[in-house]
Amino acid sequence: METMESETVFPKIISVDDHTVEPPHVWQDRLPKKYRDIGPRVVRAPLKEMTFLGGRFRPVMGAPGDDGPIGDWWVYEDLHRPLTRLDTAVGYSRDEIKLEIITFEQMRPGSYDVEQRLADMDVNHVQSAVCFPTFPRFCGQTFTEAADHELGLLGVRAYNDWMVEEWCGPKARGRLIPLTLIPLWDAELAAAEVRRNAARGVRAVAFSEIPPYLGLPSVHTDDWDPFFAACDETGTVIAMHIGSSSRMPSTSADAPPAVGSTITFANCCFSMVDWLMSGKFEQFPNLRVMYAEGQIGWIPYILERADVVWEENRGWGGVADKVHRPPSELFTEHVFGCFFDDAFGLRNLDAIGVGNVLYETDYPHSDSTWPKSREVGEAQMGHLAPDVVDRIVRRNAIDLLGLTDEGLWPGPGSTA
């Protein structure tokens with residue numbers, strides 16, 4: 001097999017997992033006037049205390065005049081959530097990246113400004129990118145946990161309108177690919193929001209990796225069927241980011257963040273087994289799911305084990321009546337793993353499937369490979385044939401997300 005030589009041009013990257021830091025005006029410009037004083041807004045205030053242990057992030061906002069570092073905070077109903085260096089760490093050395101609050105002026109402008117984002121993508125050999133939220137959290141948990149669901153629904157829709165019309169609007173020139181949210185508390189409303197956004201060309205929606213961690217039904221129930229049916233009907237990909245269940249993997253309440261950071265893939269692992277054993281891929285044959293930032297090296301063993309369990313134990317395992325094919329076959333047709341730094345997974349690509357792998361850069365988070373995503377890719381994919389590299393770095397994303405052959409989002413109203 002011909003391998004990628006050093007002189008071969010590395011394909012322009014389509015990153016399926018970057019992040020946007022929402023500018024302060026997103027909800028203030030879009031919510032009805034009566035909600036602006038309780039809807040999401042930014043205030044500058046001191047930090048009283050902040051911990052991140054056992055996978056739980058706990059910040060406490062101080063009062064005006066209190067001692068403590070000053071930062072920008074999102075305030076929404078009773079929620080106070082600060083901007084942190086971990087939200088936007090690119091451009092800083094690893095030793096400078098600490099758990100600390102910051103202001104918008106202290107972050108790289110590409111975190112929240114479209115034109116600056118495109119410039120940073122150019123530096124990083126990135127053509128197009130899908131961006132997950134920051135303040136709403138990875139699948140809109142912020143609005144689900146709020147007391148007022150009428151306001152929450154308006155908040156979800158306002159975010160989606162901003163995502164489609166502004167973040168991925170004309171200034172982005174097709175290089176930013178929209179990812180929208182749903183009201184997780186109501187599957188019928190979620191289905192309607194999927195269809196509303198699909199009608200303007202959106203082909204990806206965020207969802208929780210493990211909904212029961214949010215107090216929501218599991219994928220084994222029929223509660224989510226209206227939402228799944230809408231995704232199946234419109235070709236909308238269900239995108240699940242690590243931490244989209246508001247619970248990062250950990251081992252104890254006092255485990256340092258390094259423990260969770262090492263095992264971030266674990267929730268993806270649990271989630272994928274849920275989906276493979278749920279019967280939903282046979283019930284909704286056009287469903288596609290992707291795991292952002294989950295890496296891929298763990299996938300081969302899970303597929304092997306799932307096939308053994310299905311073959312040997314399905315009679316008593318509760319799946320014989322709904323999972324009629326080996327889970328590995330369902331994976332091949334329905335599941336996509338996403339990675340930014342996984343040399344082990346790439347060495348075992350044959351056991352995963354070339355068509356089931358997507359590349360990402362995680363800009364602007366602390367794990368991001370920016371501005372060296374190309375160099376990381378070249379180093380880890382040098383043993384692969386050029387056509388395989390092209391599929392991983394861009395072609396699989398083009399096919400999955402309905403992009404143009406040039407790797408661009410066709411824009412509002414597109415049906416590609």
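The shown structure was predicted, so the numbers you read here are calculated from the model rather than taken from an experiment.
- Side chain of Asp342 to main chain of Gln295: no donor-acceptor pair is present (N/O by atom type, distance under 3.5 Å, no hydrogens or angles).
- Here the side chain of Asp186 pairs a donor or acceptor atom with the backbone of Leu189 at under 3.5 angstrom.
- Formation of a donor-acceptor pair under 3.5 Å by the Arg394 side chain with backbone atoms of Ser15 is not found in this model.
- Here Phe143 and Tyr159 keep their ring centres 6.0 angstrom or further from each other.
- Within 6.0 Å of CD on Glu105 lie more than 12 heavy atoms contributed by other residues, nucleotides or ligands.
- Legend: residues meeting ring-ring contact (aromatic ring centres under 6.0 Å, His included) with Trp73, ordered by chain and number and at least two apart, are absent.
- Using modelled atom types, no side-chain atom of Glu360 and backbone atom of Asp18 make a donor-acceptor pair closer than 3.5 Å.
- For Asp120, the salt bridge (charged side-chain N to carboxylate O under 4.0 Å, His left out) test picks out Arg108, with sequence neighbours left out.
- Counting only distance, with no hydrogens or angles, the side chain of Gln28 and the backbone of Pro40 share a donor-acceptor pair below 3.5 Å.
- Centroid-to-centroid, the aromatic rings of Phe281 and Phe331 stay 6.0 Å apart or farther.
- By the 6.0 Å contact criterion, CG on Asp78 is open, its count of non-hydrogen atoms from other residues, nucleotides or ligands being 12 or less.
- Take Thr369 and apply the side-chain hydrogen bond (donor to acceptor under 3.5 Å, both in side chains) test, not counting sequence neighbours, and it matches Ser373.
- More than 12 heavy atoms of other residues, nucleotides or ligands lie within 6.0 Å of NZ in Lys12, so this atom counts as buried by the packing criterion.
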